[in-house]
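Report on the structure given below.
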Amino acid sequence: CHISWASTAMTDISFVQGTGATCAGAPTTIWGPYKAIITGSPDFGLSPLIIASGLNFCINQRDAVTTGGGFTYAQY
């Protein structure tokens, strides 16, 4: 799994699993937070992110800033 992003201003970023479109139901942080960053490009090749079956994956920001990016993943 590889994720990269860029934001228009510094913010905290966390990777979360949970239910619903924004992972608001039963949220669990699975990585982070990355504190006060604008860009990131973590690679989880040797230590993969594992999302429980039936849950969604969300990237949560502390502040309302514009962020864009992409990711690649494998489902096993």
Side-chain angles (χ1 to χ4, degrees):
C1 169
H2 178 81
I3 301 171
S4 61
W5 71 88
S7 300
T8 57
M10 287 193 301
T11 189
D12 297 353
I13 302 276
S14 296
F15 298 166
V16 177
Q17 69 178 2
T19 59
T22 61
C23 298
T28 302
T29 300
I30 55 175
W31 189 77
Y34 257 156
K35 294 290 200 175
I37 61 168
I38 294 177
T39 64
S41 188
D43 190 353
F44 297 97
L46 297 176
S47 180
L49 290 175
I50 298 174
I51 309 302
S53 178
L55 296 180
N56 295 324
F57 171 74
C58 299
I59 300 173
N60 289 356
Q61 303 177 144
R62 181 193 65 204
D63 305 301
V65 300
T66 302
T67 299
F71 64 96
T72 59
Y73 69 95
Q75 185 174 1
Y76 299 99

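Please read these numbers as outputs of a predicted model, since none were measured by experiment.
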I'd like to check the disulfide (SG to SG under 2.5 Å) partners of C58; sequence neighbours left out, ordered by chain and number.
C23
Shortest non-hydrogen contact between M10 and R62, atoms and distance:
O-NH2, 4.4 Å
Among residues at least two apart in sequence or on other chains, which ones pass side chain to side chain donor-acceptor pair (under 3.5 Å) with S7?
T67
Which side-chain hydrogen bond (donor to acceptor under 3.5 Å, both in side chains) pairs, counting each pair once, include a residue from residues 27-46, with sequence neighbours left out?
H2-S41, D12-K35
Please check if L49 and Y73 belong to a single hydrophobic cluster, counting links between Ile, Leu, Val, Met, Phe, Trp and Tyr side chain heavy atoms closer than 4.5 Å.
yes
Sequence neighbours left out, cut at 3.5 Å: what donor-acceptor pairs do the side chains of residues 14-21 make with other protein atoms?
unit_1 : atom_1 : unit_2 : atom_2 : d
Q17    : OE1    : A52    : N      : 3.0
T19    : OG1    : G25    : O      : 3.0

Using the rule given for side chain to side chain contact (heavy atoms under 4.5 Å, CB included), can you reason through I13 versus W5, listing the C-alpha separation, both sets of side-chain angles and the distance that settles it, and then say yes or no?
CA-CA 10 Å; I13 302 276; W5 71 88; 3.8 Å; yes
On a heavy-atom basis, which atom in I51 and which in L55 lie closest, and how many Å separate them?
CG2-O, 3.8 Å
Pairs where residues 19-34 contributes a residue and the test salt bridge (Lys or Arg N to Asp or Glu O under 4.0 Å) is met, not counting sequence neighbours:
none
Output every pair passing salt bridge (Lys or Arg N to Asp or Glu O under 4.0 Å) with a member in residues 13-22, not counting sequence neighbours, ordered by first then second residue.
none
Close side-chain approach of I30 and F57, heavy atoms under 4.5 Å:
yes
side-chain contact (heavy atoms from CB on, under 4.5 Å) with T66: which residues, sequence neighbours excluded?
T8
So, using side chain to side chain donor-acceptor pair (under 3.5 Å) as the criterion, who are the partners of D63 when residues are at least two apart?
T11
